[in-house]
Structures are given as structure tokens and as C-alpha cells.
Visitor: 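Starting off with a structure, shown below.
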Amino acid sequence: MTALTVFRLAAYVRSHRVFQSLLLVLALLAVLHSSRAPRGEEAGVLADAAVLIVPVLAWSARSLLDTEPDRQRELSAVTVGGRGRELVAGLMAALVTCGALAAVGLAAALLLGTSARPSPGVLATGVAMHGLAALTGTALGALTSRAVVRSPALSIMGLVLGFLLMLLISASPAYWLTVPLVVWMRAANDGDLVARFPELAAVSLAWCVLALTLYAWRRLRH
């Protein structure tokens with residue numbers, strides 16, 4: 001399974017799709033960090049960067065999962081001893097890719113977006129937010145991949161609408177019904193992100209696990 005994960009990462013790189021994702025990330029970061037935020041706004045910068053990179057990470061995860069042809073996926077399942085292992089290998093490869101791109105986003109936020117070094121608590125929270133962003137992007141990308149949504153047009157529409165729906169719901173009092181991305185940003189701007197983050201992280205993690213479970217159920221059913 002580890003070998004299959006590495007194989008999929010290598011295939012993603014050799015297909016040059018990774019460069020499309022990287023260019024999107026760099027373009028987003030160039031716009032987002034065109035000017036440094038004032039001292040004391042470090043939490044807001046990190047929260048904004050983690051939220052706005054989610055759709056790019058989802059597109060990257062979807063792209064990686066769609067790199068392998070369907071027949072090759074079936075052969076991979078036979079090779080590693082089952083569809084479950086093949087599924088996990090694909091998700092691990094997508095998560096590694098999203099994690100690497102999220103790390104680029106985090107580094108850019110710290111080096112280009114802030115005027116001062118964040119406090120240890122804010123920094124730790126920012127790192128955790130980008131980790132959750134990578135997991136959220138992986139889940140959203142998996143649910144809109146070709147193995148679940150056959151039509152490329154519907155897949156892209158589902159990805160965009162899924163992210164917009166996530167923003168709309170998380171902006172409402174019922175933010176706990178999805179990954180609370182907007183609440184991340186609100187808490188950062190209000191200065192209580194560190195205090196509220198355990199609660200927000202638990203809600204985010206629960207929804208990511210649910211989404212990945214739904215993806216696994218959908219894949220193993222067909």
C-alpha cells in the first residue's frame with residue numbers, strides 16, 4: 001500500500017498536473033499576500049490563508065485521484081490485496097499532496113503576509129488550521145473525483161458549489177453543520193481563535209471523517 005501511494009504521487013508529478021496545482025497556489029498567494037498585514041493581525045492572516053486555499057487543495061486532490069485510469073485502479077486493487085487498500089493509498093497520496101501545498105501556503109503567510117512573528121499559540125493554531133485545510137481539501141476533492149462523479153463538468157461544479165455551501169453554512173448560526181471555515185476567520189479577527197480552536201477543530205475533524213467515510217462507502221459499493 002505504501003508503494004502504491006508513492007507510485008500515485010510519482011504518476012501525479014510525471015503527468016505535470018502537480019505544476020498546475022502549484023501555479024494556482026502561487027497565484028492565490030501572490031494576490032492574498034500582496035501587502036503585509038499590520039502587527040497584531042497574524043491570526044487573521046493565517047486563518048484567511050488556510051480558508052482560501054481549501055478549493056485549490058480540493059482541486060489538487062481531485063486531480064491526483066483522477067490521474068490513474070479506471071482499469072489501472074482496478075489492477076492496483078488486485079496488486080495490493082483489495083479495493084480497501086487501493087482506496088486508502090489514493091487518499092494518502094492526495095493528503096500528502098494537499099499537505100505539501102498547504103505547507104507552501106503556511107510558509108508564504110508567515111514570510112510574506114505578516115509584519116511580526118506570531119505568538120507560539122497563534123503559530124501552533126495556524127499550523128493546525130492548515131493541516132485541517134489539507135484534510136478538508138482531500139475530502140472535498142475525493143467526493144468530486146471521477147470515481148464518484150463521472151461527468152467532469154458536474155465534478156467541477158460540485159467542487160465549487162461544495163466549497164461555497166461550506167462557506168454559507170459556516171457563516172450562519174448552524175456553523176457546526178459543516179467545516180466552520182468562516183468561523184475560523186471570525187474567531188481570528190475577534191482575537192479568540194486560540195481559545196475556540198479546540199471546539200472548531202473537533203467539528204472540522206468530525207465532518208472530514210464523515211466525508212471520507214461517505215467516499216469510501218460510495219467507492220466500495222461500486
Side-chain angles (χ1 to χ4, degrees), residues 1-2 4-5 8-9 46-47 49-66 73 77 80 82-103 105-106 124-149 155 158-187 193-222:
M1 194 167 66
T2 301
L4 180 57
T5 300
R8 284 186 163 166
L9 287 169
L46 294 176
V51 169
L52 295 178
I53 204 174
V54 167
V56 180
L57 298 180
W59 187 82
S60 302
R62 170 186 171 275
S63 180
L64 182 143
L65 292 171
D66 287 351
R73 186 183 295 114
V80 298
R83 296 174 66 184
R85 291 189 174 188
E86 178 273 324
L87 184 151
V88 172
L91 290 178
M92 287 300 298
L95 183 59
V96 169
T97 300
C98 288
L101 294 174
L106 176 62
T125 302
V127 172
M129 274 193 300
H130 279 77
L132 286 173
L135 187 60
T136 302
T138 300
L140 181 57
L143 287 176
T144 55
S145 63
R146 187 179 65 247
V148 177
V149 183
S155 175
L159 192 155
V160 174
L161 290 176
F163 178 68
L164 293 177
L165 187 62
M166 205 180 298
L167 292 178
L168 288 174
I169 295 176
S170 62
S172 72
Y175 65 86
W176 46 269
L177 289 175
T178 187
V179 179
L181 299 178
V182 173
V183 184
W184 292 5
M185 295 189 290
R186 285 179 178 172
L193 177 62
V194 175
R196 294 194 62 188
F197 189 70
E199 169 210 346
L200 300 178
V203 174
S204 304
L205 186 60
W207 279 107
C208 288
V209 170
L210 181 61
L212 292 174
T213 301
L214 178 61
Y215 169 74
W217 173 79
R218 178 72 173 79
R219 282 284 316 277
L220 296 176
R221 262 184 92 241
H222 295 80

Visitor: Any side-chain heavy atom of Phe197 sitting closer than 4.5 Å to one from Val194?
Guide: no
Visitor: Measure the shortest side-chain to side-chain distance between Leu143 and Leu214 over non-hydrogen atoms and say whether it is less than 4.5 angstrom.
Guide: yes
Visitor: Leu9 versus Leu64: any side-chain heavy-atom pair under 4.5 Å?
Guide: yes
Visitor: Using only atom types and a distance under 3.5 Å, with no angle test, would you say the side chain of Trp59 pairs donor to acceptor with the backbone of Gly137?
Guide: no
Visitor: Any heavy-atom pair between the side chains of Val54 and Phe163 that's under 4.5 Å?
Guide: yes
Visitor: Taking all atoms of both residues into account, what is the closest heavy-atom pair of Ser172 and Ile169, and its distance?
Guide: OG-O, 2.6 Å
Visitor: Would you say the side-chain atoms of Ser63 pair up with the backbone N or O of Ser60, donor to acceptor, closer than 3.5 Å?
Guide: no
Visitor: Minimum heavy-atom separation for Val179 and Met166, please, with both atom names.
Guide: O-CG, 3.6 Å
Visitor: Should Tyr215 and Ser145 count as side-chain neighbours, where that means a heavy-atom distance under 4.5 Å?
Guide: yes
Visitor: Looking at every non-hydrogen atom in both residues, tell me the closest pair between Leu57 and Cys98 and how far apart they are.
Guide: O-SG, 3.3 Å
Visitor: Looking at side-chain heavy atoms only, is the closest gap between Arg85 and Leu4 below 4.5 Å?
Guide: no
Visitor: Mark yes or no for whether Thr178, through its side chain, and Ser170, through its backbone, hold a donor-acceptor pair below 3.5 Å.
Guide: no
Visitor: Does atom CZ of Arg146 have more than 12 heavy-atom neighbours from other groups under 6.0 Å away?
Guide: yes
Visitor: Using 0.5 Å steps for rounding, measure from the CG atom of Leu168 to the CG atom of Leu177.
Guide: 13.0 Å
Visitor: Would you say that Arg219 contacts Glu86 through its side chain, given a criterion of any heavy-atom pair below 4.5 Å between the two side chains?
Guide: yes
Visitor: Taking all non-hydrogen atoms of both residues into account, name the closest pair between Leu159 and Arg62 and its distance.
Guide: CD1-CD, 4.0 Å
Visitor: I need the minimum non-hydrogen distance between Leu91 and Thr138, along with the two atoms involved.
Guide: O-CG2, 4.1 Å
Visitor: Could you check Leu205 against Leu135 for side-chain contact (heavy atoms from CB on, under 4.5 Å), going step by step and ending with a plain yes or no?
Guide: CA-CA 8 Å; Leu205 186 60; Leu135 187 60; 3.6 Å; yes
Visitor: Are Leu167 and Val51 side-chain neighbours, meaning at least one heavy-atom pair lies under 4.5 Å?
Guide: yes
Visitor: Output yes when a side-chain donor or acceptor of Ser155 lies under 3.5 Å from a complementary backbone atom of Thr144, and no otherwise.
Guide: yes
Visitor: Determine the minimum heavy-atom distance between Ala187 and Leu200, stating which atoms define it.
Guide: CB-CD1, 4.4 Å
